[in-house]
Number of protein chains: 2
Amino acid sequence: MKNLNIHIQVKPELYLKNPDTTDLGRNIVSSSIALISDLGFEAFTFKKLGEIIKSPESSIYRYFESKHTLLVYLTSWYWTWIEYRLVFAAANVESAVQRLKESIKILTRQIAEDLSLGEIDVRLLEKIIITESAKTYLTKLVDKENEKGYFAAYKQVVKRVTEIVTEINPKYEYPHMLITTIIEGAHHQHYFAEHLPSLTNTFKNKEDIISEFYIHLVFKTIEE
Amino acid sequence: MKNLNIHIQVKPELYLKNPDTTDLGRNIVSSSIALISDLGFEAFTFKKLGEIIKSPESSIYRYFESKHTLLVYLTSWYWTWIEYRLVFAAANVESAVQRLKESIKILTRQIAEDLSLGEIDVRLLEKIIITESAKTYLTKLVDKENEKGYFAAYKQVVKRVTEIVTEINPKYEYPHMLITTIIEGAHHQHYFAEHLPSLTNTFKNKEDIISEFYIHLVFKTIEE
DNA sequence: CAAAAATAATAGTAAAACTATCACATATGC
DNA sequence: GCATATGTGATAGTTTTACTATTATTTTTG
């Protein structure tokens, strides 16, 4: 398992007490990732999590308002990490085409190796993002939560990549639609590949087929 | 409100007793559409529905195993209806390009007019599909439910449209990825336009912008 | 070392998601 | 036309979820 020493900071709106500052907090976050990816978000409860970390539910509630905000926290952590990777991948790369290509790979490809930042198992987290992240905004509370900035990290990622698209073709009118289409699309393809294979095309044992599909799609779509 | 006299049949796996055969059953279905689009799926319960239709919860449970299978039923109804529209739109159209164009419109455009089939308000149902339908398969039970054929109607729609893609360009290798990408993508764009506008491009007051975006994307992507 | 902060232990609540039972009404088949 | 099957209503009960509240104990820190 590879370890990196960067530190991801999540907006204070997403927690009651910063879980990053205590052992219990970090344990809540890392164990919740394991438990959510094991049980799925619906069957996941703070009570079950409490049993695993040997703390009462009420202690978990001091960090997170609800299991929903915990999911928003995890999602936000993920997008902040993705943004870091986007910035890193773009550094010193002159060609916008090359930067876009690398960005699409980051947005659409699953992490291959075990990777852990702090106590966060990024690979497991990515599994959660694929299956559960849309549930953060597909709720009756979207508008309120959006006002509170719950989705800022995601928006920032989208913005950053759309800017590369615009750099390549300033006349292309729908960069946001395009980028959100491929982000959510890639999540779906990864999910379908595992659970509903007839909805995707993974007949070849070729790796990164999803990434290649989206790279092709994006460059064809934005060309003049 | 426009009424049409076609009849949509849903697979028996999706209900305990066919709601289509009794007044109570039809009332459960039509009122659930209104209530789900009002409360959102999470806050929707059989108890609340029972109060509206003035029947006890237990009577609703005679038709549907759970609120989850009711959602699967509604989704399946919707895709069966979409397939009917696809077949109808393709009838007597020689050009595959034209058939694909019309199919993409059907898959990506929201219904403009009020429309009711039997007691089903199709416009409200479409609102539910946009927000809630992904929740039918983003669960721990996907694999089991897939085996039972819960997602057959959706798969059939995807298959039908991919065949047109292949007719136009037999060498194109990823028709399923492409079609599911635009179906789910369009749902997202409609949702974002209403709730997270910075994730989309609806700055113009132009209608059918989402459809046009996807038509352009598809034809660019599949061209040789 | 005292005060403040964090955590544990325990209890309690309202609602959700069912399951069960029995009475009554209605439709159907012979 | 009557017995039987089927459908619906009324009511009650269970387990679990998603919290909230209170008090005691431990740990941190200034």
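Order of the sequence lines fixes the chain letters, A, B, ..., with proteins taken first and strands second; residue numbering starts at 1 for each chain.
In the helix from dC1(C)-dG30(D) to dC30(C)-dG1(D), the rotation axis of the first five pairs and that of the last five pairs differ in direction by 20°, rounded to 10 degrees.
When the salt bridge (Lys or Arg N to Asp or Glu O under 4.0 Å) test is applied to Glu163(B), the partners found at least two apart in sequence or on another chain are Lys159(B).
With Tyr63(A) contributing its side chain and Val29(A) its backbone, the two residues share no donor-acceptor pair below 3.5 Å. Formation of a donor-acceptor pair under 3.5 Å by the Asp121(B) side chain with backbone atoms of Leu124(B) is found in this model. Between the Lys48(A) side chain and the Ala43(A) main chain, a donor and an acceptor come within less than 3.5 Å of each other.
Centroid-to-centroid, the aromatic rings of Tyr137(B) and Phe192(A) come within less than 6.0 Å. Taking the six-membered ring wherever Trp is involved, the centroid distance between the rings of His187(B) and Tyr191(B) does not fall below 6.0 Å.
Within residues 15-26 of chain A, the residues that place at least one heavy atom under 4.0 Å from DNA chain C are, in residue-number order, Lys17(A), Thr22(A), Leu24(A). The stretch residues 132-142 of chain A has no heavy atom under 4.0 angstrom from DNA chain C at all.
Each of Thr75(A), Leu74(A), Leu115(A) was compared with Leu125(A) under the side-chain contact (heavy atoms from CB on, under 4.5 Å) criterion, and only Leu74(A) meets it.
Between chain A and DNA chain D, the heavy-atom contact criterion of under 4.0 Å yields a 5' to 3' nucleotide range of dT17(D) to dA21(D).
The shortest side-chain heavy-atom distance between Leu138(A) and Lys135(B) falls under the 4.5 Å cut-off.
For Lys47(B), the NZ atom sits in a loose shell: 12 or fewer heavy atoms of surrounding residues, nucleotides or ligands are nearer than 6.0 Å.
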Legend entry - Contact letters for nucleotides 9-18 of chain C, in which S counts primed atoms plus P, OP1 and OP2 and B counts the base, heavy atoms under 4.0 Å: BB-----SSB

Inset, instruction - Would you please test Phe64(B) and Tyr15(B) for ring pair (Phe, Tyr, Trp, His ring centres under 6.0 Å) and show each step? - result: CA-CA 5 Å; Phe64(B) 295 102; Tyr15(B) 50 76; 7.2 Å; no

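Glu102(A) has a carboxylate O that lies under 4.0 Å from a charged side-chain N of Lys105(A), or vice versa, which qualifies the two as a salt bridge. With respect to the salt-bridge test (charged N to carboxylate O, under 4.0 angstrom), the residues Lys140(B) and Glu42(A) do not qualify. Ion pairing of Glu119(B) with Arg26(B) is present here, as a side-chain N (NZ or NE/NH1/NH2) and a carboxylate O approach within less than 4.0 Å.
Phe64(B) comes within contact range of no nucleotide atom at all, as no heavy-atom separation falls under 4.0 Å.
Relative to the ring axis of Phe41(B), Lys67(B) places its NZ or CZ within 45° and under 6.0 Å from the centre.
Counted by atom type alone, Ser76(B) and Tyr154(B) present zero donor-acceptor pairs between their side chains at under 3.5 Å.
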